Amino acid sequence: DSELKYHLETMLSAAVLAVPELLESGYLKKVNGVAEKLKVLIPFPETADLASAKLRVSRWSEKEKNPDKDHLELSVSHGNSAVSLIAADAGLIKSGTSTLEAGLLKCPHVVVYRPSRTGIWIYRNVMRYKGFVGLVNLISGKIVPEVLCEEVTPELLSKHVVMLLTHHETRKQMLEGFEKLRIGIRSGDRSPSAYAAEEVLAVARTGWLAN
């Protein structure tokens with residue numbers, strides 16, 4: 001619940017803010033003067049209560065005052081994250097194993113993580129970790145942008161979404177990075193999870209906690 005609280009509504013609001021620029025860029029078309037809707041896929045884990053998830057999205061829609069929300073086509077599902085990532089042109093993905101899945105499935109994305117105020121304080125003042133948090137970046141170096149802690153706002157996420165959907169060179173470089181990631185993992189004798197675990201442990205050994 002806390003992860004949804006700090007991520008879902010912000011991501012949906014970012015999608016709303018992206019609509020005008022996507023219309024202006026031509027990513028979203030107009031047919032006979034009617035604007036095409038931005039399709040937003042919202043896959044929840046298989047263990048999630050789908051009815052509760054849909055209710056949460058519905059409540060956000062009721063509270064959202066920006067009229068551009070009518071240009072969104074929201075699709076809530078669960079247990080089909082891989083299908084959603086393959087279908088998506090871009091993604092806002094909470095930091096975790098889903099980011100590695102997105103990289104391997106070649107979905108351009110932004111890594112997003114906003115903990116509670118207490119979590120932010122611990123991250124900034126106790127851990128003092130300055131490296132990457134996304135698994136793709138931990139394994140392969142900087143491939144995808146990361147938006148963390150106080151930086152997680154609808155405005156900033158919207159800018160990243162527009163860039164991923166409309167800027168050819170940005171998408172090209174990211175997809176090339178994903179291909180190198182896939183080749184590197186396929187050429188080894190370990191699973192992607194093993195690679196990820198090894199990289200996380202390596203970061204911890206270099207001094208995750210402040211001395």
Side-chain angles (χ1 to χ4, degrees), residues 1-31 34-114 134 136 144-147 151-167 170-171 174-175 178:
D1 283 348
S2 61
E3 291 186 346
L4 289 176
K5 174 183 176 182
Y6 293 115
H7 294 88
L8 179 62
E9 292 191 2
T10 302
M11 290 179 176
L12 290 173
S13 295
V16 174
L17 293 178
V19 166
E21 290 189 62
L22 294 176
L23 284 168
E24 184 178 350
S25 69
Y27 176 83
L28 292 179
K29 312 295 183 183
K30 285 189 176 182
V31 180
V34 178
E36 179 184 16
K37 291 191 175 184
L38 177 63
K39 296 179 181 179
V40 180
L41 306 179
I42 313 170
F44 284 87
E46 196 166 37
T47 54
D49 182 334
L50 188 58
S52 296
K54 288 183 176 180
L55 180 60
R56 187 182 288 267
V57 172
S58 178
R59 286 175 176 169
W60 166 83
S61 184
E62 291 173 0
K63 291 189 298 181
E64 178 61 55
K65 302 302 182 184
N66 190 327
D68 283 329
K69 73 177 182 182
D70 294 334
H71 290 288
L72 299 185
E73 181 181 319
L74 305 178
S75 177
V76 182
S77 60
H78 73 336
N80 65 339
S81 62
V83 173
S84 297
L85 289 169
I86 291 170
D89 291 334
L92 295 172
I93 303 180
K94 188 191 75 64
S95 179
T97 55
S98 294
T99 60
L100 181 59
E101 184 179 24
L104 293 174
L105 293 175
K106 298 185 178 181
C107 176
H109 64 278
V110 181
V111 175
V112 183
Y113 188 64
R114 186 177 72 179
V136 168
V144 300
E146 298 184 350
V147 182
E151 297 177 350
V152 179
T153 63
E155 292 77 14
L156 183 54
L157 295 184
S158 174
K159 290 180 180 178
H160 279 290
V161 167
V162 172
M163 178 68 74
L164 289 178
L165 291 175
T166 64
H167 195 270
T170 297
R171 292 181 61 83
M174 197 175 293
L175 290 171
F178 292 158

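Just so you know, residue 1 is the first one in the sequence shown, and it goes up from there. It should be emphasised that the depicted structure is a prediction, and the values quoted were computed from it without experimental measurement.
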> So, do I93 and L85 sit near enough that their side-chain heavy atoms are less than 4.5 Å apart?
Replying inline: yes
> Under 4.5 Å between any side-chain heavy atoms of M174 and P145, yes or no?
Replying inline: yes
> Is any side-chain heavy atom of H71 closer than 4.5 Å to a side-chain heavy atom of L38?
Replying inline: no
>> Under a 3.5 Å distance rule, please check whether E146 uses its side chain to pair with a backbone N or O of G134 as donor and acceptor.
In response: yes
> If you measure from CG on L156 to OG1 on T10, what distance do you get to the nearest 0.5 Å?
Replying inline: 11.5 Å
> What's the shortest heavy-atom distance between T170 and H167, and which atoms?
Replying inline: OG1-ND1, 2.7 Å
>> Ignoring hydrogens, what is the shortest heavy-atom contact between A48 and H78? Give both atom names and the distance.
In response: O-CD2, 3.4 Å
> Is it true that atom NZ of K69 has more than 12 heavy atoms of other residues, nucleotides or ligands lying nearer than 6.0 Å?
Replying inline: yes
> Should E64 and L12 count as side-chain neighbours, where that means a heavy-atom distance under 4.5 Å?
Replying inline: no
> When rounded to the nearest 0.5 angstrom, what distance separates CG in L50 from CG in L55?
Replying inline: 11.5 Å
>> Are there over 12 heavy-atom neighbours, none belonging to E46, within less than 6.0 Å of that residue's CD?
In response: no
> Of all residues at least two apart in sequence or in a different chain, which pass the ring-ring contact (aromatic ring centres under 6.0 Å, His included) check with F178?
Replying inline: H109
> Can you tell me how far the OG atom of S61 sits from the CG atom of D70, to the nearest 0.5 Å?
Replying inline: 7.5 Å
> Got a second to check how far K54's NZ is from S75's OG, nearest 0.5 Å?
Replying inline: 8.0 Å
> Does the D49 side chain pair with the main chain of S52, one donor and one acceptor, at a distance under 3.5 Å?
Replying inline: yes
> How far apart are the closest heavy atoms of P20 and D68, and which atoms are they?
Replying inline: CG-OD2, 3.3 Å
>> Just so I know, are the side chains of L175 and P108 near enough to count as touching, which here means a heavy-atom distance under 4.5 Å?
In response: yes
> Ignoring hydrogens and geometry, is there a side-chain-to-backbone donor-acceptor pair from K106 to G103 under 3.5 Å?
Replying inline: no
> Between the main-chain N or O of R114 and the side-chain N or O of H7, is there a donor-acceptor pair closer than 3.5 Å?
Replying inline: yes
> Does CD belonging to E36 count more than 12 external heavy atoms closer than 6.0 Å?
Replying inline: yes
>> Tell me the closest heavy-atom pair linking Y113 and V152, and the distance in Å.
In response: O-CG2, 3.7 Å
> For the residue pair P43 and S84, what are the closest heavy atoms and their distance?
Replying inline: CB-OG, 3.7 Å
>> Working note: L8 + I42, criterion side chain to side chain contact (heavy atoms under 4.5 Å, CB included); need CA distance, chi angles, decisive distance, verdict.
In response: CA-CA 9 Å; L8 179 62; I42 313 170; 4.0 Å; yes
> Taking E21 as the fixed residue, which of V162, V161, L28 is the one that meets the side-chain contact (heavy atoms from CB on, under 4.5 Å) rule?
Replying inline: V162
>> When you compare the side chain of V19 with that of N66, does any pair of heavy atoms fall below 4.5 Å?
In response: no
>> Tell me the closest heavy-atom pair linking L164 and G91, and the distance in Å.
In response: CD1-O, 4.4 Å
> Looking at CG of L92 and CE of M11, how far apart are the two atoms once the value is rounded to the nearest 0.5 Å?
Replying inline: 5.5 Å
> Given T99 and V144, is the side chain to side chain contact (heavy atoms under 4.5 Å, CB included) satisfied, shown in steps?
Replying inline: CA-CA 9 Å; T99 60; V144 300; over 6 Å; no
> CG of L100 to OG of S95: how many Å apart, nearest 0.5 Å?
Replying inline: 11.0 Å
> Any sub-3.5 Å donor-acceptor pair from S25's side-chain atoms to L22's backbone N or O?
Replying inline: yes
> Taking the side chain from R171 and the backbone from D89, do they hold a donor-acceptor pair closer than 3.5 Å?
Replying inline: yes
